[in-house]
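In what follows, chains carry the letters A, B, and so on, assigned in the order in which the sequence lines appear, proteins first and then strands, with residues in each chain numbered from 1. The model shown is predicted, which means the values in this text are computed figures rather than measured ones.
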Amino acid sequence: MSDIFDVYLLEAVLNGLLLGGLLALLSLGLNLVFGVIDVVWICYAELIMCGMYAVYYLHVQYHWPLVLAMLAAIGVVAFLGWLLHQLVIRPVLNAEPINQLLVTGGVLFFLQAAATLAFGIEFKNLGVTLPSVRLGEMSFSAARLVAFGAALGGVIALWIFLSKTYLGTAIRAISQDRAIMPLMGVDPGRIFALTSALGGALAGLAACLLVLQYDIHPAIGLSFGPITFLICVLGGLGNMLGGFVAAFIFAQFIAVGGFFFAVEWGYVIAFIFFIAVMFWRPRGILGK
Amino acid sequence: MLRVAELSAGYGGFQALFDASLEVNAGEAVAVIGPNGAGKTTLLRVISKLISPSAGDVTFEGRSLAAVAPHDVVARGIAHVPENRRLFPRLTAEENLRMGAYTSRRTYAERLAQVYALFPRLRERRHQPAGTLSGGEQQMCAIARALMSGPKLLLLDEPSAGLAPVVVQSIFELVRRICAEGYTVLIVEQNIRQVLKVVSRAYLLEAGRIVRSGSADELRTAPEIQKAYLGL
Ligand SMILES: Nc1ncnc2c1ncn2[C@@H]1O[C@H](COP(=O)(O)OP(=O)(O)OP(=O)(O)O)[C@@H](O)[C@H]1O
Ligand SMILES: [Mg+2]
């Protein structure tokens, strides 16, 4: 009896790990953009929604091979991230934070409404079901395994880019001292635009992984947008490593809490933990 | 090499610089001295285009910088060590140097070796976040970062400010060596006694206006400077 219990607990922990990878990826783009540009993309999850629709239409409607459709979707969302910066963020770069929140919040509603008009409110499904993978007594969804692997790959690629290249170093530098970047020969506007495209590409990658597991509808952003923000705040907004740690902690609360009680309780426990941390460390686990 | 002609500049409605003119020839070390708030930093900021002038012009090697974008100035050969060093605190010392070489990546390895030869301390500290370096090491790192672009003209804004007296000595010693290596240097300082030992000529800036200029010896012996600034 206790053996079986242990196996299922282990399964829950491992599922939490898989979920953690996905949540870590979700937080990554938002943290990157905030850390560098100091603006919160409230509409981040809606960019992901756009990416999910892009995969759906290219694959289901236009019969592109799935992988190609996904790569194209990453490109589309990267472009949207760039566009968001040029059209919406740039004019309010030096405005009050509340104004910046309001404009990106406006984009959230705009994208939701535009998606409703363009794609309708029906739930859309890629129609791809990946099998579940059995490991002894335990079973895991292959979609989650793929998501975990891709999320980890994305994180590592970003880390190498940020630490090893001139451009990546400039991206880290600009968040520490924006004003003197021209003295290094760096055009801050270009770095911001590039970072926005990169944040968009990460949202696009998240879209590709989510679309394997969830139906698409215009309000889908609301189901994972808030949790993405919570994780970023929990880890320390703008702190990519913090977001990473927070994602795995949060996912364990959901998975293991869900194992002992019910899935909903997993979320309740995770949110209680979040509130407790906010009292203890208002700037997040790894916040400054 | 550098010619600043009747330059005026300010912040919003406030004018900090009035009709300032000066010249720096190739291979020369020139100082701009003056009290707090005289406009020394403003002058350097205009030269490297961090702010634009309201009147006047800056020419470098015979060409006006008026139409040059701020981030293209360093590629023209002007490197600016800003006031308070302004290192990227959470980048390592070496990553700071890499940022200095942003526009000249092909010569990175070669220049890094040169810079480490000049500042052996930085090589020891190269993997340390710049924010954890001592004040003197930070100033070395800031100067080294500027040298990484292989500049023709080096702008130094109060390299001795905020450092312990012993460290001030070694920083001026370094500045002297940099000048001896043939760099053209325009240095802004409040430590007038020390800086006049390093440069050949100097300008005195007071309340936004250049009120005197001359050789280092002339200025050192000028009665009004001795009285007001050297406490003699
Ligand atoms: N960003 C700014 N906004 C508004 N006024 C400024 C700004 N920077 C400098 N000033 C003002 O411009 C004047 C000249 O300042 P500047 O920094 O050029 O002087 P400085 O000679 O470098 O002084 P210090 O020796 O203290 O560094 C001062 O009166 C200062 O208050
Ligand atoms: Mg100054």
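- Counting heavy atoms of neighbouring residues, nucleotides and ligands inside a 6.0 Å radius, atom OH of B:Y11 exceeds 12 of them.
- Under the 4.5 Å side-chain criterion, counting only non-hydrogen atoms from C-beta, A:V186 is in contact with B:M99.
- For chain A, the option among B:A101, B:S48, B:A79 with the highest count of heavy-atom pairs below 4.5 Å is B:A101.
- Between atom CG of residue A:D187 and atom OH of residue B:Y102 there is a gap of 9.0 Å, rounded to the nearest 0.5 Å.
- At a heavy-atom cut-off of under 4.5 Å, chain A is reached by no residue from residues 112-144 of chain B.
- Within a 6.0 Å radius of CZ in A:F110, other residues, nucleotides and ligands contribute 12 heavy atoms or fewer.
- Distance check: B:R86 CZ to A:D177 CG gives 4.0 Å after rounding to the nearest 0.5 Å.
- B:E6 CD: 12 or fewer foreign heavy atoms inside a 6.0 Å radius.
- Heavy-atom neighbours of chain A within the stretch residues 52-71 of chain B, taken at a separation under 4.5 angstrom, comprise B:P70, B:H71.
- Listed for the A:Q176 side chain is a donor-acceptor partner under 3.5 Å among the backbone atoms of B:R90.
- Atom CZ of B:R105 is surrounded by more than 12 heavy atoms from other residues, nucleotides or ligands within 6.0 Å.
- Remark: A:L183 CG to B:I78 CD1 distance equals 11.0 Å, nearest 0.5 Å.
- Environment of CZ in B:R176: crowded, with over 12 heavy atoms of neighbouring residues, nucleotides or ligands closer than 6.0 Å.
- Using a 4.5 Å cut-off between heavy atoms, B:R145 contacts chain A through its side chain alone, with no backbone atom that close.
- When side chains are defined from C-beta on, B:V74 does not count as touching A:M184, because their heavy atoms never get closer than 4.5 Å.
- Both the backbone and the side chain of B:L91 come within less than 4.5 Å of a heavy atom in chain A.
- Of the listed residues (B:G100, B:S104, B:P89), the one with the most heavy-atom contacts under 4.5 Å to chain A is B:P89.
- Taking 4.5 Å as the limit, every side-chain heavy atom of B:V73 sits out of range of all side-chain heavy atoms of A:P182.
- Annotation for A:T169 and B:R98: closest pair OG1-NH1, 2.6 Å, computed over non-hydrogen atoms.
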